[in-house]
Each structure stands twice: as structure tokens, then as C-alpha cells.
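Reminder, nothing fancy here: chain letters follow the sequence lines and each chain counts from 1.
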2 protein chains.
Amino acid sequence: MFRLTMPKMTKQQGGGGVADMAGQAPRRRADARRNERALLEAAAAVFVTSGVEAPVRDIAARAGVGVGTVYRHFPTRADLVVAVYRHQVEACAEAGATCLASAATPYAALARWIDLFVDLLVTKHGLAAALRSDSAHFDALHSYFLDRLVPVCTQLLDAAAGSGEIGSDLEAYELMRGVGNLCIGADSDPRYDARRLVELLIAGLRRPY
Amino acid sequence: MFRLTMPKMTKQQGGGGVADMAGQAPRRRADARRNERALLEAAAAVFVTSGVEAPVRDIAARAGVGVGTVYRHFPTRADLVVAVYRHQVEACAEAGATCLASAATPYAALARWIDLFVDLLVTKHGLAAALRSDSAHFDALHSYFLDRLVPVCTQLLDAAAGSGEIGSDLEAYELMRGVGNLCIGADSDPRYDARRLVELLIAGLRRPY
DNA sequence: AACCATACGGAACGATGTTCCGATTGACAA
DNA sequence: TTGTCAATCGGAACATCGTTCCGTATGGTT
């Protein structure tokens, strides 16, 4: 519980005041910054060829770094995955408003946005599976996706319900999990077209008549 | 490639003639039969509490047997899972004809049968996940389910297409994989109601007009 | 009773995620 | 420039899997 040796305080860093929270990320050693970049690039490259479930050792090797270094920068494999895909998740989240603004009807906007979400999942090998992978590992991944995207989906769902195009009794959480599940294994099986099934699901959402 | 010592032939067993194929399972030692039963029972019990991904060692321990014995009876964990659920899969397959005979329309029969299938998956912890679990392990499980159930589903799908209730451009394989995927994680998450989403999917299947 | 193929048990192997800790080094003070 | 030391690194080590191996025990037959 207690640290045996307290780190020495340097003059810049306060002892725990709120000032710590206000600034940007603290200055880090050059090699630390370099390794984090290398890790992100290596992970992205490995994920493309071997999927997101690639062994940590492979990523470390590719980055020319020891496994310990991986865990220093990313407490868990899931955190690394989140870091790699953060930009794309962010883009997907922001696309929600765009869809709503540019589509003919709220239902069309929802369909369009879900399609973007499916793209995100199907493009990366095993991302969908990892998302739903028995969340012992990959817990952070699951949480991040949901935290960021569920609100967006809720907004689209509400709009479509408000326009009377769909029923209003489905939570965004359920829809996103359903779509995510449908995308599992969509790569690596030409006989299975996840996008088609997602379309059916969205079609089933439409208010009858 | 070659066995160093050939097993002795006993008088009942021919040297490789077709007679081997004709008869029932060959007589096995009493302890072997006993252990197989114990393993099936232990596995069933452990699956209920820990899910189908429970460690082989746990099952072996529960059966009072060494791990080697597990693998002597079931070449792979997936084979054990298949053995445990074979009866229920069989029942589900046979229910296909019943549904078709007793439901008001072929589409209703399809919906009813899919519901039975969902029951099968959701009831057993992690069965759906295992079915789609990165088929390195669990390959046999995946194959068995598909081999046995896809033909049944095809029949129901064809009937519903024939009656004009649904479009005819969806393969049974895709539908079953979609439904299976939707059921992943349905246990262990009260916020996610797989049955609801499957209903939406089936609803989306209905011919629009 | 003797024999031996069948079957058993669990140590051992290879892969994985994660933790630990002694060695290294970048950045700052003198 | 040099000394210092906390931050950082590297990879051995640990725990947990599925699976294989092989020496030992045993059931059934002769």
C-alpha cells in the first residue's frame, strides 16, 4: 500500500495540488515518447496483418522493445487497442451529427451512421470479436466504445423515434451490441456478409406499415 | 508415422474388413465406459456453473480423472462440448419439421424454430460465444452445429420464400450465423436482450409491402 | 495365473497475458 | 562537464490455458 521510497520532487512538480490536473501531459523522457510512438505504429501494423488479438510479444518485437515497455505505456492490451483506434472511433462519433444533418430523414441518418459503425468494425480484423470477447481482457475496449458511441446512437435513435419512423422501445446500448455482435467474424468468412444482416436488423426496426 | 508395436489382434476383430463398419461400437473396458459417463456428467455440471469455456482441468477434477483421460475420450475440448449438447441440438433439428407442420404459415414456423434455436444458445453459458470463438479451438463445435442445423433452416427458409412471405436471397448459413452472433453474451448482461434483437432481424426478413 | 492391449494419470510442453526487478539512461543540478 | 538518480527499459519469470507424452496400472482373455 505504501511506497517504500518516495520519488524525489523536482522543482516544477507540486506535491499534489490541483495544479497537476490543470496542465497538459507532464514532460516525459525522450525515449519514453519515442517508444510510445513506435508501439502505436507497430501495433497498428501488426493488427492489420494478424488481427487485434495478436500476441503482445509480436507487437513488442516489431517495435524493437521489451514486453515490459509495452505494459509501462499501456496497462493492458485493451488499452493499446483503444489507443490505436481512438481516432477512428472519434471520427465515427462525430459523424453522428453530420448524418443527422445531411440525411433525408432521421431513419436514413441512423441507417447511414450504423453503416459507418459497421465499416469501423469489419475493416479491422477481429475488432468486433475483441469488443465482445469475454470481457475479462478487453474490458477497457468495450467500455471506451460504449461510452463514446452510445450517446451518439441514442441521439439518432431518438430522432428516428420522434419522426415516427421506428418504434421507440429499443435502447441504443442494445442496438450497438447487436450490431457489434453481427460483425463478429465478418472478415475471414466470405460466406458471411455482416452488412447484409445489419441491414435486415435495421429494417426490422422500422415501424410496421 | 509407423507404430513401433502393432496391437495384437483378438479373435473378434478382423484385420480391417468392412465388417468393422457394420457393427455397433466395439466393446470397451469397463473403466473406460465408466469414465466417459463421469466425464459427460462432470462437464455438464461444470458448464452450467462456469460456462462452456471452463478449463479442461476443472472438468477432469470434477470427474475424478486425469486430464489425459479427458483427451483419450474426447480428442478436443470442442468434442466434449459437442457430446454434452448433442441431444439438445438433435432435438432442435428435429423440431424443424414439427414447426413447419403446426404453424399457421411457413414464416411463423421459421420464427418459432429460430426461437427454439435461440433458447438453445442463450440457456447455456457462453455456448454462442464458443460457437463463434475464433475457430482454432471449438472448430468441431462450429462444424457440428452447422452440419446438423443448416439443412433444417434451409428447409424452413425455402418454405417461407415459397409462400412469398420473405425474400429468397438469404442463405440459411448466414441467418444462423447472424442469430448465433446475436446471442453472444446474452447471458451475463441483463441490459442485452438477444431474443428481442433476433425478433427484429426476423422481422426485417419479411418481404416489404 | 499370466499376459498384454487398453486405459489411466499427471508431468511436461508451448502459447499466452501480465508482473517483477536489476540494469540502463536521459535530464537536471552543480 | 560531470555526477546523480528517478524514469525507463528489457526480458526472465509467473500463472493459466489447451494439448501431448509416456511410464504405470488394470481389465479381460487365454
Side-chain angles (χ1 to χ4, degrees), chain A residues 3-13 25-39 43 46 50-81 130 133-141, chain B residues 3-13 25-39 43 46 50-81 130 133-141:
Chain A
R3 308 182 62 159
L4 273 308
T5 66
M6 289 297 279
K8 248 195 206 160
M9 286 302 160
T10 58
K11 62 179 169 196
Q12 331 269 11
Q13 318 280 333
R27 273 266 268 319
R28 292 149 62 213
R29 269 171 49 167
D31 54 350
R33 256 174 295 141
R34 181 166 12 102
N35 281 331
E36 179 166 331
R37 275 186 61 94
L39 274 171
V46 171
S50 308
V52 294
E53 316 225 28
V56 174
R57 284 164 177 82
D58 289 0
I59 299 166
R62 172 110 185 193
V65 146
V67 276
T69 302
V70 178
Y71 282 93
R72 165 164 300 273
H73 289 281
F74 305 98
T76 250
R77 273 213 25 250
D79 294 295
L80 178 53
V81 178
S133 181
D134 209 1
S135 301
H137 333 76
F138 291 107
D139 209 9
L141 184 60
Chain B
R3 309 182 62 158
L4 273 308
T5 67
M6 289 298 279
K8 249 196 206 160
M9 286 301 161
T10 58
K11 61 178 168 196
Q12 332 269 12
Q13 320 278 333
R27 271 268 266 318
R28 291 149 62 212
R29 267 170 50 168
D31 54 352
R33 257 173 295 142
R34 183 169 9 105
N35 281 332
E36 178 166 332
R37 276 187 63 94
L39 274 171
V46 171
S50 308
V52 294
E53 315 225 28
V56 174
R57 285 166 175 82
D58 290 1
I59 299 165
R62 171 108 185 197
V65 146
V67 275
T69 301
V70 178
Y71 283 93
R72 165 164 300 273
H73 289 280
F74 306 97
T76 253
R77 273 219 15 254
D79 295 296
L80 178 53
V81 177
S133 182
D134 209 1
S135 300
H137 331 78
F138 291 107
D139 209 9
L141 184 60

Revision key, fill the gap. In whole angstroms, the gap separating P of dT19(D) from CZ of F74(B) amounts to 14 Å
Check your understanding: Do the side-chain N or O atoms of T76(B) get closer than 4.0 angstrom to the phosphate oxygens (OP1, OP2) of dT19(D)?
Key -> yes
Check your understanding: What residue among V81(A), I59(A), L39(A) forms side chain to side chain contact (heavy atoms under 4.5 Å, CB included) with F74(A)?
Key -> L39(A)
Check your understanding: When you check the phosphate oxygens OP1 and OP2 of dC8(C), does a side-chain N or O of H73(B) lie under 4.0 Å from one of them?
Key -> yes
Point to revise | Spacing between D79(A) atom CG and dT18(C) atom C1', to the nearest angstrom | key: 13 Å
Revision key, fill the gap. All heavy atoms of A78(A) vs all of F138(A), minimum pair found to be CB-CA, 3.4 Å
**Study point:** Protein-nucleotide distance (R77(B), atom CZ; dT16(D), atom P), rounded to Å
**Key:** 16 Å
Revision key, fill the gap. T69(A) has its side chain closest, among dG9(C), dG10(D), dT19(D), to dG10(D)
Practice item. Find out whether R34(A) and D31(A) are in side-chain contact, i.e. whether some heavy atom of one side chain is under 4.5 Å from a heavy atom of the other. Key: yes
Practice item. Enumerate the residues from residues 29-38 of chain A whose closest heavy atom to DNA chain C is under 4.0 Å, giving them by residue number; use none for an empty result. Key: R29(A), A30(A), D31(A)
Review point. Can you name the nearest heavy-atom pair linking R33(A) to R28(A), along with the distance?
Key: NH2-O, 3.1 Å
Exercise for review: Taking R57(B) for its side chain and V67(B) for its backbone only, find out whether a donor-acceptor pair lies under 3.5 Å.
Suggested key: no
Check your understanding: Under 4.0 angstrom, heavy atoms only, what part of the nucleic acid is R72(A) near: base, sugar-phosphate, or nothing?
Key -> base
Practice item. Check the distance between dA7(C)'s P and R28(B)'s CZ and give it to me in whole angstrom. Key: 7 Å
Review point. Which one, dG18(D), dT8(D), dT19(C), comes nearest to the side chain of V56(B)?
Key: dG18(D)
**Study point:** Any N/O donor-acceptor pair, R57(A) side-chain to dG17(C) base, under 3.5 Å
**Key:** yes
Check your understanding: Starting at the 5' end of DNA chain D, which residue's closest nucleotide do you reach first, V67(B) or G66(A)?
Key -> G66(A)
**Study point:** Flag, side chain of R77(A) to backbone of V52(A), donor-acceptor distance under 3.5 Å
**Key:** yes
Review point. Under 3.5 Å, is there a donor-acceptor pair between the side chain of N35(A) and the main chain of A32(A)?
Key: no
Point to revise | Integer-rounded Å distance: dG10(C) C1' and I59(B) CD1 | key: 17 Å
**Study point:** R27(A) CZ to dA6(D) P, straight-line distance once rounded to whole Å
**Key:** 18 Å
Check your understanding: Y71(B) OH to dA7(C) P: how many Å, rounded?
Key -> 19 Å
